[in-house]
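Notes for the one structure printed next.
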Number of protein chains: 2
Amino acid sequence: MPQLIHTMLDPFSRRIRLLIGELGIDADVIEEKPWERREELLHLNPTGLLPIFVEDDHTIIPGIESVADYLEETRGLPVGRNLLGKTALERAETRRLVAWFDVKFHREVSRLILTEKVERRFAAPGRGGGATNMNAVRAGLHNIRAHLDYIGALAEHRNWLSGDDLTQADLAAAAHLSCLDYLGDVPWGANTAAKDWYQRIKSRPSFRPLLADHIRGMPPPRTYADLDF
Amino acid sequence: MPQLIHTMLDPFSRRIRLLIGELGIDADVIEEKPWERREELLHLNPTGLLPIFVEDDHTIIPGIESVADYLEETRGLPVGRNLLGKTALERAETRRLVAWFDVKFHREVSRLILTEKVERRFAAPGRGGGATNMNAVRAGLHNIRAHLDYIGALAEHRNWLSGDDLTQADLAAAAHLSCLDYLGDVPWGANTAAKDWYQRIKSRPSFRPLLADHIRGMPPPRTYADLDF
């Protein structure tokens, strides 16, 4: 069986966990702790980043940018499933929004909070571990509000974030937000349309494995797995 | 005629300028100065980033992640040109390397140097303008050497960076390096294989418009446009 190597509170790993659920891909989902910087992980992906998809014949597909399209092409296209969009224009909008979350939201919100609250705690000193910089956390918590408004504005005018159909744009946005939701850091009361959209995607079967995540010593708030949050 | 809105020393704009050359796309290439933060630019792309491709019917394709695939799909695929790779595995390798340069090389090298040497100089105070942080420049100049070695190692084992054929991986790498080369900041003597690869791609007709770039008050070194550098 193919393997998906991931880590729990990583938005990029989570997008692919959602994608394999949506595309109905059977894979062994294997947890890695990237801050341990295992030598073997660097052989699989020289950036040391997750997710990594490994085929039965040991073909390695490393990193979110490769895996996301590779799975669509090899598992989605042959059976007509598609989470990028049906036309070139729809796919362009999906890719624009995926970059919005993976680049802009990541830089302004999720990387700030996840680095300070997760990596600082679990990584060894000298490898990213240490005291939490609360100014960085506060900046992330401030910036998330404008992003929730953007998600709400999209969700009010469209069925899903990039148009009529669920796409990787929704998976990317939900992947980032779900990491922060695990930490109790999403002010859902701030935008009703964004919350409604998240409630819809959170209810999908593909989301269940994410809601079952539990990190030792860092349990999620009760509302994390609650579909009526 | 479609428009490509770009800015001269931007690696992402440069990749698409190379791509339209390779795919033989006729487009009006229009220069924008993103640090002026024109209101109109934010209407075209809410991130304020370039490049932006505008079709004759005013359809807007904003941002590198959208434009790169959109042009392949609408201009490349119909006529059998292809700069992503022929198989899903080749495309995965292309996307891995594009991300290597657009994310990792950008963070470790080109963003550091270009922010400090270009944006600081041309942007207004309070909008990114100000004194150059020489420590950031020095960090970029230090980090570029390991990346040249990586390019050299790939080029020694493959015809082009991602395999037998020229792909967007080569365009991405060359786009970043060409910005730094305009500033005289690429130590070509440090890796012969990397220099040989760059010489090959620099000699392609698609590269000519980039070699003609000239920024007022910031001329390139003589070797920038020289194919025998």
Side-chain angles (χ1 to χ4, degrees), chain A residues 12 44-49 51-55 57-78 84-108 111 146-147 149-150 153-154 162 168-169 172, chain B residues 12 44-49 51-55 57-78 84-108 111 146-147 149-150 153-154 162 168-169 172:
Chain A
F12 307 102
L44 295 173
N45 188 1
T47 63
L49 296 175
I52 299 166
F53 191 80
V54 184
E55 294 278 22
D57 66 0
H58 305 294
T59 301
I60 299 161
I61 314 294
I64 181 69
E65 298 85 358
S66 302
V67 176
D69 277 81
Y70 176 83
L71 292 180
E72 293 272 1
E73 291 185 14
T74 56
R75 307 318 206 269
L77 278 183
L84 286 171
K86 289 191 289 289
T87 66
L89 208 57
E90 286 177 15
R91 287 188 287 276
E93 178 65 354
T94 299
R95 291 188 195 282
R96 178 184 80 81
L97 286 170
V98 166
W100 181 280
F101 293 104
D102 279 4
V103 180
K104 191 174 168 66
F105 185 91
H106 189 233
R107 188 177 57 228
E108 297 175 359
R111 194 181 62 193
H147 282 282
D149 288 346
Y150 189 56
L154 291 169
S162 68
Q168 289 209 32
Chain B
F12 308 102
L44 293 173
N45 188 3
T47 62
L49 296 176
I52 299 166
F53 191 81
V54 184
E55 293 278 21
D57 67 0
H58 306 295
T59 301
I60 299 160
I61 313 294
I64 181 68
E65 297 85 358
S66 301
V67 176
D69 277 81
Y70 176 82
L71 292 181
E72 294 272 1
E73 291 186 12
T74 56
R75 304 328 204 262
L77 277 183
L84 286 172
K86 289 192 291 288
T87 66
L89 208 57
E90 286 177 16
R91 288 188 286 277
E93 178 64 352
T94 299
R95 292 187 193 283
R96 178 183 79 82
L97 287 169
V98 166
W100 182 279
F101 294 105
D102 279 5
V103 181
K104 192 173 167 66
F105 185 90
H106 188 232
R107 187 178 57 229
E108 297 175 359
R111 193 180 66 194
H147 282 281
D149 287 345
Y150 189 55
L154 292 169
S162 68
Q168 289 210 31

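Letters go in sequence order (proteins before strands), and every chain restarts at 1.
- Residue Ser66(B) comes nearest to Ala92(A) through the heavy atom pair OG-O, 2.8 Å, listed as atom of the first residue, atom of the second, then distance.
- For the set Asp69(A), Ile61(A), Val103(A), the entry with the most heavy-atom pairs within less than 4.5 Å of chain B is Asp69(A).
- Closest approach of Ala88(A) and Tyr70(B) over heavy atoms only: O-CD1, 3.8 Å.
- Neither the backbone nor the side chain of Val67(A) has a heavy atom closer than 4.5 Å to any heavy atom of chain B.
- In terms of the side chain to side chain donor-acceptor pair (under 3.5 Å) criterion, residue partners of Thr47(A) (sequence neighbours excluded) are, by chain and number, Asn45(A).
- Rounded to the nearest 0.5 angstrom, Leu84(B) CG and Glu73(A) CD are separated by 8.5 Å.
- Interatomic distance, CG of Leu89(B) versus CD of Glu55(A), reported as 8.5 Å (0.5 Å rounding).
- In this structure, no portion of Val98(B) lies under 4.5 Å from any heavy atom of chain A.
- For a residue to count as touching a neighbouring chain, one of its non-hydrogen atoms must lie under 4.5 Å from one of that chain's; by this rule Arg96(A) touches chain B with backbone and side chain alike.
- Note: Leu49(B) CG to Lys104(A) NZ = 7.5 Å, rounded to the nearest 0.5 Å.
- Interface residue Thr59(B): only side-chain heavy atoms are found under 4.5 Å from chain A.
- Sorted by first and then second residue, the salt bridge (charged side-chain N to carboxylate O under 4.0 Å, His left out) pairs involving residues 57-68 of chain A (not counting sequence neighbours) form an empty list.
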